[in-house]
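Please read the structure below before turning to the comments.
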Amino acid sequence: MKDRNSKADIYNAIYEIVRLCPKGRVTSYGAVAAAVGLKSGARLVGYAMSVCKDIKPKVPAHRVVNSHGLLSGKHHFATPETMQLLLQKEGIQVHDDKVVDFGRLFWDPIKELDV
DNA sequence: TACCTGACGGGCC
DNA sequence: GGGCCCGCCAGGT
């Protein structure tokens, strides 16, 4: 994942990594960004998520939260409660728009994918 | 072509 | 511990 990714390829890599995120786990924008080679490209990941609804297959963007474990992107879903609902449906406890035990449920793509 | 915005992160005060 | 500022890449106007 550290190849000279094209701008379009980076998006593909982002979606691929997010899809690799196991059910019941969550990851952060920065972690995914680092996984694709963008050390500080967390914003790009967020932007990619904004258009993920047009991407096929569907990307579990609800598993991606910010470094604080907050559901910062919940407002971009069909409804602000969709993101929290999906997480809770997968067994992830969400309280006050933030992931409970975020540090324990955090899934690091770089470590898991061993990049 | 240039400026601004955006689902963020890390460092500093 | 909390808040503020700067930096990052891409896309839209």
Side-chain angles (χ1 to χ4, degrees):
Chain A
M1 298 300 178
K2 58 184 177 180
D3 293 26
R4 193 66 64 183
N5 299 326
S6 301
K7 53 186 177 182
D9 196 25
I10 292 175
Y11 277 65
N12 185 28
I14 292 172
Y15 301 134
E16 182 178 356
I17 292 169
V18 176
R19 276 192 308 166
L20 290 174
C21 184
K23 176 184 173 186
R25 298 287 179 178
V26 294
T27 186
S28 65
Y29 299 97
V32 176
V36 298
L38 299 173
K39 185 175 63 176
S40 300
R43 308 187 94 181
L44 275 303
V45 177
Y47 194 86
M49 295 298 99
S50 67
V51 294
C52 75
K53 61 180 182 301
D54 293 324
I55 303 300
K56 297 175 289 285
K58 289 166 54 178
V59 179
H62 59 275
R63 293 178 189 162
V64 184
V65 297
N66 64 3
S67 61
H68 296 276
L70 293 174
L71 310 186
S72 54
K74 67 168 192 169
H75 211 285
H76 275 256
F77 281 79
T79 60
E81 61 185 55
T82 302
M83 188 174 187
Q84 181 174 331
L85 189 65
L86 289 171
L87 290 172
Q88 292 178 337
K89 189 184 298 180
E90 295 186 352
I92 300 174
Q93 294 180 319
V94 180
H95 183 68
D96 190 49
D97 297 338
K98 64 184 176 186
V99 177
V100 180
D101 292 331
F102 173 68
R104 189 181 64 177
L105 296 175
F106 179 70
W107 179 77
D108 190 345
I110 298 177
K111 182 178 180 180
E112 297 297 324
L113 299 175
D114 188 55
V115 178

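In what follows, every chain begins at residue 1, and chains take the letters A, B, ... in the order their sequences are listed.
In this structure, A/A31 and A/P109 approach most closely via the heavy-atom pair O-CG, 3.6 Å. Taking both residues in full, the closest heavy atoms of A/R19 and A/R63 are given as O-NH1, 4.5 Å, listed atom of the first, atom of the second, then distance.
Considering only heavy atoms from C-beta on, A/I14 stays 4.5 Å or farther from A/Y29 through its side chain. Between A/Y11 and A/V51, some side-chain heavy-atom pair lies under the 4.5 Å cut-off.
Of the listed nucleotides (C/dG12, B/dG9, B/dA7), C/dG12 has the atom at the smallest distance from the side chain of A/Y47. Residue A/Y11 places its side chain closer to C/dA10 than to any other of B/dA7, B/dG10, C/dA10.
The CG atom of A/L87 sits 18 Å away from the P atom of B/dA7 (whole-angstrom rounding). The separation between A/H68 atom NE2 and C/dG3 atom C1' is 11 Å, rounded to whole Å. For the pair A/E81 CD and B/dA7 C1', the computed distance is 18 Å after rounding to whole Å.
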With 3.5 Å as the limit, what N/O pairs link the protein to nucleotides 4-8 of chain C?
none

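In the hydrophobic clustering, where aliphatic and aromatic side chains (Ile, Leu, Val, Met, Phe, Trp, Tyr) are joined below 4.5 Å either directly or transitively, A/V94 groups with A/V26, A/V65, A/L71, A/F77, A/M83, A/L86, A/L87, A/I92, A/V99, A/F102, A/L105, A/F106.
Residue-level contact check: A/A61 touches the bases, meaning some heavy atom is under 4.0 Å from a base atom. Across all strands shown, A/S72 has heavy atoms under 4.0 Å from sugar-phosphate atoms exclusively, and none from any base.
The 12-atom threshold is not exceeded at CD of A/Q93, counting heavy atoms of other residues, nucleotides or ligands nearer than 6.0 Å.
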